Student: 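Let me give you the structure first, and then I'll get to my questions.
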Amino acid sequence: MAVSQNKPLPKNIKYGIVLDAGSSHTNLYVYAWPAEKENDTGVVHQVEVCKVEGLGISGYSQDTEKAGLSLQQCMKRAQEVVPEQQHGETPVYLGATAGMRLLSLQNRSIADRVLSAVEKTLHSSPFNFQGARVISGQEEGAYGWITINYLLGNFRQPGWLNFLPHLRSSRGTSGALDLGGASTQITFVPDQEPIESQENSLHFRLYGKNYNVYTHSFLCYGKDQALRLKLASDLQASSTRNGSLLDPCFHPGYLRIMNISDLYMNPCIANGEQQLPFTQLHLQGNGDYQRCRMTIQKIFNTSHCPYSSCSFNGIFLPPLQGEFGAFSAFYFVMNFLNLTTEKNPVPLDKVTSTVERFCSRPWHEVKAEFPKIKEKYLSEYCFSGTYILSLLENGYGFTTEKWQSIQFLGKIGSSDAGWTLGYMLNLTNMIPAEKPPTRPLSHASYVGLMVFCSLVLVAVLLLGWLTFHKPKCLQKGLI
Ligand SMILES: Nc1nc2c(ncn2[C@@H]2O[C@H](COP(=O)(O)OP(=O)(O)OP(=O)(O)O)[C@@H](O)[C@H]2O)c(=O)[nH]1
Ligand SMILES: [Ca+2]
């Protein structure tokens, strides 16, 4: 048999699955990477996302079995994407975020039942189930930061710098801003050291470099819960006797009826249900951005700060540093408003005027222009856009200048920005603490290098020969 040298072997691809059980819905992600490169940075990428239909798992508190059943369709999809012979070795993880954190606070045993139900479904799949758990806000922030920096290649050292260790660039990392339905996270490497509060401080050693990272997750400040906080605060400030409320954060002509009991149903509203003479809230939009911003402002308490600087509610925040990637609802909302660009960020004043103009548009006109967008999403872009501006400007202190360092991003390459990839990289030990030894040169690079060196050698010899044995035709005076 002839020896087939240099023939590339078929690629050995590995897979991993993570379910992001968020407060508003669950997404299943399938990741893939070449087996022989698993410790390199930037090689793991998303090959599939499946959106689970229906509620987030915390929404099944009345019928916990359904939380498990709801995942079946996407698990089937994963079985189609991952080759059958690899099902048994493919790990599956489920991480639940703020919706389940809130449910645990409200009723621990129901939350445990929901987790058991999803475990049952995942155990019965052919994959290698590795566990379902509620992740902490700190983890959510940290893994989001790891994901985007991994995908942006910020942990990577350019190869040639490896030969000159003293010249290695201390290339910056990008901060991560995640806006969910029930919580929001801010994570970045600050200039100021040390980080003043222990609970906001993380330390990582990745690819041979140390990172001191600031992170905070605000439970109840995801955009759905923030709307509830705002409505509860509006109700408290109003003197309505029949439950009618003018709401500047909805379009003129928009009407929404809500049950008071639903509004007060979770631990985010501190005072609980008050004795109100009505059971329903009738919201009537009037699309007034400035007033909307004022009502939102009230949910950020800036009256006390036990540190050198704070965001709100007495939470430490060091001075903002570097670039930021803003994803999930930050991206959904900005993208809808055409305020995301690949390169130059849209200036803050343009963002503000766009949101202001959008809020003032009559609801019937907005609905007619976007008939395909779910009414729940469409009706809330005005509130959400205003909330994003309040959170980033007033909550975190992004000034007009600093705003330019925020990039709103949905995907990086083929992968969604979010905490799931970082979670899997960590649990499968795919991010080494130390730099993996540099691999020997590939055959092609070796041949290339040899040819280059030979050419240089020939050129030097030729030059030398020309210098000492100048042919007569080139000697001075003959020309
Ligand atoms: N416009 C729009 N909104 C979306 C979309 N997907 C989710 N949302 C909304 O955006 C908000 C945040 O969504 P996610 O980032 O998925 O939040 P989550 O993971 O469910 O919530 P957390 O557990 O708090 O992280 C929620 O209010 C969702 O209803 C989308 O495709 N378009
Ligand atoms: Ca989320």
Side-chain angles (χ1 to χ4, degrees), residues 18-29 49-60 67 70 74 94-105 111 114 118 132-145 147-148 176-187 215-230 249 266-268 325-340 355 358 366 370 372-388 391 408-411 416-423:
V18 187
L19 288 108
D20 171 356
S23 62
S24 64
H25 71 281
T26 302
N27 269 349
L28 177 148
Y29 297 96
V49 54
C50 177
K51 190 170 176 173
V52 170
E53 287 194 4
L55 308 168
I57 59 169
S58 57
Y60 293 101
S70 71
C74 281
L94 181 141
T97 50
M100 285 297 287
R101 272 176 228 139
L102 288 174
L103 185 59
S104 299
L105 287 174
V114 170
V118 301
R133 52 182 286 267
V134 180
I135 66 167
S136 69
Q138 256 195 2
E139 286 179 275
E140 197 178 357
Y143 294 132
W145 179 84
T147 299
I148 67 163
L177 297 164
D178 181 353
L179 178 59
S183 76
T184 188
Q185 288 71 240
I186 175 168
T187 310
T215 189
H216 189 77
S217 174
F218 288 91
L219 189 61
C220 301
Y221 286 81
K223 77 179 187 59
D224 301 332
Q225 292 302 332
L227 176 58
R228 286 168 168 237
L229 290 181
K230 183 202 92 88
C249 300
N266 75 34
C268 290
F327 46 90
S328 48
F330 283 121
Y331 179 78
F332 304 144
V333 174
M334 290 297 164
N335 188 48
F336 169 79
L337 294 167
N338 283 328
L339 295 169
T340 53
V355 177
F358 180 69
V366 173
F370 305 99
K372 289 201 180 129
I373 298 186
K374 273 200 225 168
E375 190 161 317
K376 146 113 178 89
Y377 291 161
L378 191 61
S379 63
E380 290 182 9
Y381 282 126
C382 165
F383 164 76
S384 303
T386 314
Y387 178 61
I388 286 172
L391 178 64
F408 294 92
L409 32 94
K411 281 183 185 293
D416 285 85
W419 59 266
T420 48
L421 176 57
Y423 190 63

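None of these values were measured; they are calculated from a predicted model. First listed ligand is number 1; within each ligand, the first listed atom is number 1.
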Student: Among all the protein's non-hydrogen atoms, which is closest to atom 27 (O) of ligand 1, and how far away is it?
Tutor: Asp224 OD1, 2.8 Å

Student: Which heavy atom of the protein is the closest neighbour of atom 17 (O) of ligand 1, given with residue, atom name and distance?
Tutor: Gly181 N, 3.2 Å

Student: Judged on heavy-atom distance to atom 28 (C) of ligand 1, which of Ser24, Cys220, Ser328 sits nearest?
Tutor: Ser24

Student: Compare Ser23, Gly418, Ala226 and give the one whose heavy atom is closest to atom 22 (P) of ligand 1.
Tutor: Ser23

Student: So between Phe330, Tyr221, Phe332, whose heavy atom ends up nearest atom 31 (O) of ligand 1?
Tutor: Phe332

Student: What are the two closest non-hydrogen atoms of Ser58 and Leu103, and how far apart are they?
Tutor: O-CD2, 4.0 Å

Student: Which distance, rounded to the nearest 0.5 Å, do you find between the OH of Tyr331 and the CG of Leu339?
Tutor: 11.5 Å

Student: Taking the minimum heavy-atom distance to atom 30 (C) of ligand 1, which of Phe327, Tyr377, Tyr331 ranks first?
Tutor: Tyr377

Student: Quick one: does Thr97 get an N or O within less than 3.5 Å of an N or O on ligand 1?
Tutor: yes

Student: Check ligand 1 against Gly22 and write out every atom of the ligand that is under 4.0 Å from a heavy-atom position of the residue.
Tutor: 18 (P), 19 (O), 20 (O), 23 (O)

Student: When rounded to the nearest 0.5 angstrom, what distance separates CZ in Arg228 from NZ in Lys223?
Tutor: 12.5 Å

Student: Within the structure, is a non-hydrogen atom of Gly222 found at a distance of less than 4.0 Å from ligand 1?
Tutor: no

Student: Which residue and non-hydrogen atom of the protein lie closest to atom 16 (O) of ligand 1, and at what distance in Å?
Tutor: His25 CE1, 3.1 Å

Student: Looking only at atom types and distance, does a side-chain atom of Thr26 sit under 3.5 Å from a main-chain N or O of Gly56, one as donor and one as acceptor?
Tutor: no

Student: Using 0.5 Å steps for rounding, measure from the CD atom of Glu380 to the OH atom of Tyr387.
Tutor: 13.0 Å

Student: Can an N or O of Lys376 be found at a distance shorter than 3.5 Å from an N or O of ligand 1?
Tutor: no

Student: Which atoms of ligand 1 have any heavy atom of Tyr381 under 4.0 Å away?
Tutor: 1 (N), 2 (C)

Student: Output the distance between atom CD1 (Ile388) and atom CE (Met334), rounded to the nearest 0.5 Å.
Tutor: 4.5 Å

Student: Would you please determine whether Ile373 falls within less than 4.0 Å of ligand 1 on a heavy-atom basis?
Tutor: no

Student: Are Gly56 and ligand 1 in contact, using a heavy-atom cut-off of under 4.0 Å?
Tutor: no

Student: Between Cys382 and Cys249, is the SG-SG gap under 2.5 Å?
Tutor: no

Student: Can you find a non-hydrogen atom of Glu140 under 4.0 Å from ligand 1?
Tutor: yes

Student: Between CG of Asp20 and CD1 of Ile135, what distance do you get to the nearest 0.5 Å?
Tutor: 7.5 Å

Student: Looking at the rings of Tyr381 and Phe370, which for Trp means the six-membered one, are their centres under 6.0 Å apart?
Tutor: no

Student: Looking at ligand 1, does any of its N/O atoms fall within less than 3.5 Å of an N/O of Ala182?
Tutor: yes

Student: Is the Phe218 ring parallel, tilted or perpendicular to the His216 ring (thresholds 30°, 60°)?
Tutor: perpendicular

Student: With only distance considered, is Ala329 within less than 3.5 Å of ligand 1 through an N or O on each side?
Tutor: no

Student: Number the atoms of ligand 1 from 1 as they appear, then name those within less than 4.0 Å of a heavy atom of Lys223, with their elements.
Tutor: 10 (O), 11 (C), 27 (O)

Student: Report the distance from atom CG of Leu337 to atom CZ of Phe408, rounding to the nearest 0.5 Å.
Tutor: 10.5 Å

Student: Looking only at heavy atoms, what is the nearest atom pair of Asp224 and Ser24, with distance?
Tutor: OD2-CB, 4.2 Å

Student: Could you list which atoms of ligand 1 come closer than 4.0 Å to a heavy atom of Gly180?
Tutor: 12 (C), 15 (O), 17 (O), 21 (O), 22 (P), 24 (O), 25 (O)

Student: Considering only heavy atoms, does Leu179 approach ligand 1 within less than 4.0 Å through its side chain, its backbone, both, or neither?
Tutor: backbone

